[in-house]
Amino acid sequence: MDAFEKVFEAKLEAEEKIEPKDWMPEKYRKTLIRQISQHAHSEIVGMLPEGNWITRAPSLRRKVALLAKVQDEAGHGLYLYSAAETLGVERATLLDQLHEGKAKYSSIFNYPTVSWADIGAIGWLVDGAAIMNQVMLTRASYGPYARAMVRICKEESFHQRQGYEIMMTLSNGSEEQKAMAQDALDRWWWPSLMMFGPSDKESTHSAQSMAWKIKRKSNDDLRQQFVDVSVPQAEYLGLKIPDDKLKWNEERGHYDFGEIDWDEFWNVIKGNGPCNEERLAARVKAHEEGEWVRDAALAYAEKHSNKQKVEA
Amino acid sequence: MSNKNWPLWEVFIRSKSGLHHLHAGSLHAADADMALANARDVYTRRNEGVSIWVVESKNIVANDPSKSEEFFEPASDKVYRHPTFYEMPDELSHI
């Protein structure tokens with residue numbers, strides 16, 4: 001171990017943050033770029049399934065809330081791309097990787113939002129699962145990532161509440177509305193559990209990420225935590241979680257739950273989910289159709305700065 | 001496709017009068033006006049600020065962290081700059 005590496009390890013040991021200009025192992029840098037950019041991509045791809053319902057929200061109250069939530073997701077993407085850029089990579093490069101299908105984003109966004117209740121279920125479960133992961137990441141060893149997470153967690157709490165409120169309204173509504181809420185829970189429950197990633201046995205990056213203190217809890221521990229908090233929330237709604245093996249285990253002090261369909265999990269990751277192609281196509285289209293705006297803004301800025309130089 | 005990217009800007013926000021501007025994060029913008037507008041839209045969506053500074057990241061000069069020990073060394077052995085260095089009798093007050 002050379003002197004630089006010793007300083008790096010000592011900082012991790014002392015719970016000091018690693019900052020952009022500090023020396024860090026190349027693998028640590030690469031792992032962070034991969035993880036933070038995937039996280040950023042997930043934020044902006046995550047705008048698509050929900051954006052689908054903005055024009056059809058059932059009331060103005062719901063519409064402004066959803067609009068604000070989707071706008072937040074764009075902001076979260078920005079914070080995260082900025083954090084990644086401190087590691088010496090350009091945002092444009094990361095976006096190219098996403099658009100060329102070389103980068104991953106959270107598989108959850110490859111499922112369709114077919115009813116309004118899905119917006120409720122996403123806020124409650126998908127944002128709930130994301131918060132659990134992100135609260136852990138506020139303690140990540142890389143300073144800019146941890147700081148972005150603090151900011152995101154503060155904003156994310158409203159997302160989950162607006163989702164749960166939608167679920168409450170539907171659950172207390174007509175039989176049809178209650179059935180809609182149950183149907184959304186049935187479809188989103190398992191994909192939400194999959195958000196925590198492969199089981200600890202299968203997770204290739206986990207051990208190293210924990211040693212580097214990027215991650216503080218294992219995938220399975222976070223998943224268990226999520227199940228434990230979600231069950232009473234579902235009960236309050238009077239909805240049934242679609243898992244026959246779900247049962248309180250007095251001895252463990254946790255809920256036991258059934259096995260995830262890992263074939264489905266890997267299949268969606270590999271690009272065969274219901275909406276993989278559609279999501280990527282929508283991203284590429286938005287990026288390409290925005291090109292003239294980016295170019296025009298740059299041309300205007302250049303022209304303006306030339307003019308100032310002439311006047312000076 | 002255009003190969004030129006919008007430059008990077010650093011954003012500093014005063015959360016309320018009487019407090020310093022603090023670094024909030026960064027963003028890309030074509031020019032200063034856009035950087036200010038974007039900073040408002042992403043960093044003060046919930047009344048987090050009453051004043052914003054933006055500065056292009058390339059204009060920030062920073063010390064080299066790998067040499068920070070010698071850079072900050074002049075202050076490390078000057079305990080007499082702190083009030084606790086001076087011994088005062090217990091019976092004395094307001095000092």
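Hydrogens, waters and symmetry mates are skipped; everything else that's a heavy atom, side chains included, is used. Chain A is the first sequence line, chain B the second, and so forth, proteins listed ahead of strands; every chain is numbered from 1. Quantities reported herein were computed from a predicted structural model and do not represent experimental measurements.
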Checklist entry - Any salt bridge between B/R45 and A/D72, counting N to O under 4.0 Å? => result yes
Item to check | Sidechain N-carboxylate O distance under 4.0 Å for B/D31, A/K303 | outcome: no
Checklist entry - Is there side-chain contact between A/E155 and B/R46, with at least one heavy-atom pair below 4.5 Å? => result yes
Within [range], which residues come under 4.5 Å of chain A, heavy atom to heavy atom?
range	result
residues 86-95 of chain B	none
residues 71-83 of chain B	none
residues 48-60 of chain B	B/E48

Separation between [atom1] of [X] and [atom2] of [Y], rounded to the nearest 0.5 Å:
X	Y	atom1	atom2	result
A/Q71	B/D41	CD	CG	7.0 Å
B/L27	A/S82	CG	OG	7.0 Å
B/M34	A/L298	CE	CG	9.0 Å
A/L95	B/N5	CG	CG	9.5 Å

Just so I understand: if I count every heavy-atom pair under 4.5 Å between each of [options] and chain B, which residue has the most?
options	value
A/H304, A/R151, A/E90, A/E302	A/R151
A/E85, A/H76, A/E19	A/E85
A/A297, A/A68, A/A299, A/A83	A/A297

Can you name the closest pair of heavy atoms from [X] and [Y] and give their distance?
X	Y	value
A/V293	B/W6	O-CZ2, 4.4 Å
B/A30	A/A301	O-CB, 3.3 Å
A/L78	B/Y43	CD2-OH, 3.6 Å

Checklist entry - Picking from B/A32, B/S66, B/S26, which has the most non-hydrogen pairs under 4.5 angstrom with chain A? => result B/S26
Checklist entry - chain B heavy atoms under 4.5 Å from A/Y300: which part of the residue, side chain, backbone, both or neither? => result side chain
Checklist entry - So with a 6.0 Å cut-off around NZ of A/K213, is the heavy-atom count from everything else above 12? => result yes
Item to check | A/E13, CD: over 12 other non-hydrogen atoms inside 6.0 angstrom | outcome: no
Next on the checklist: Under the rule for side-chain contact (heavy atoms from CB on, under 4.5 Å), what residues qualify as partners of A/R61, not counting sequence neighbours?
Outcome noted: A/S59, A/E165
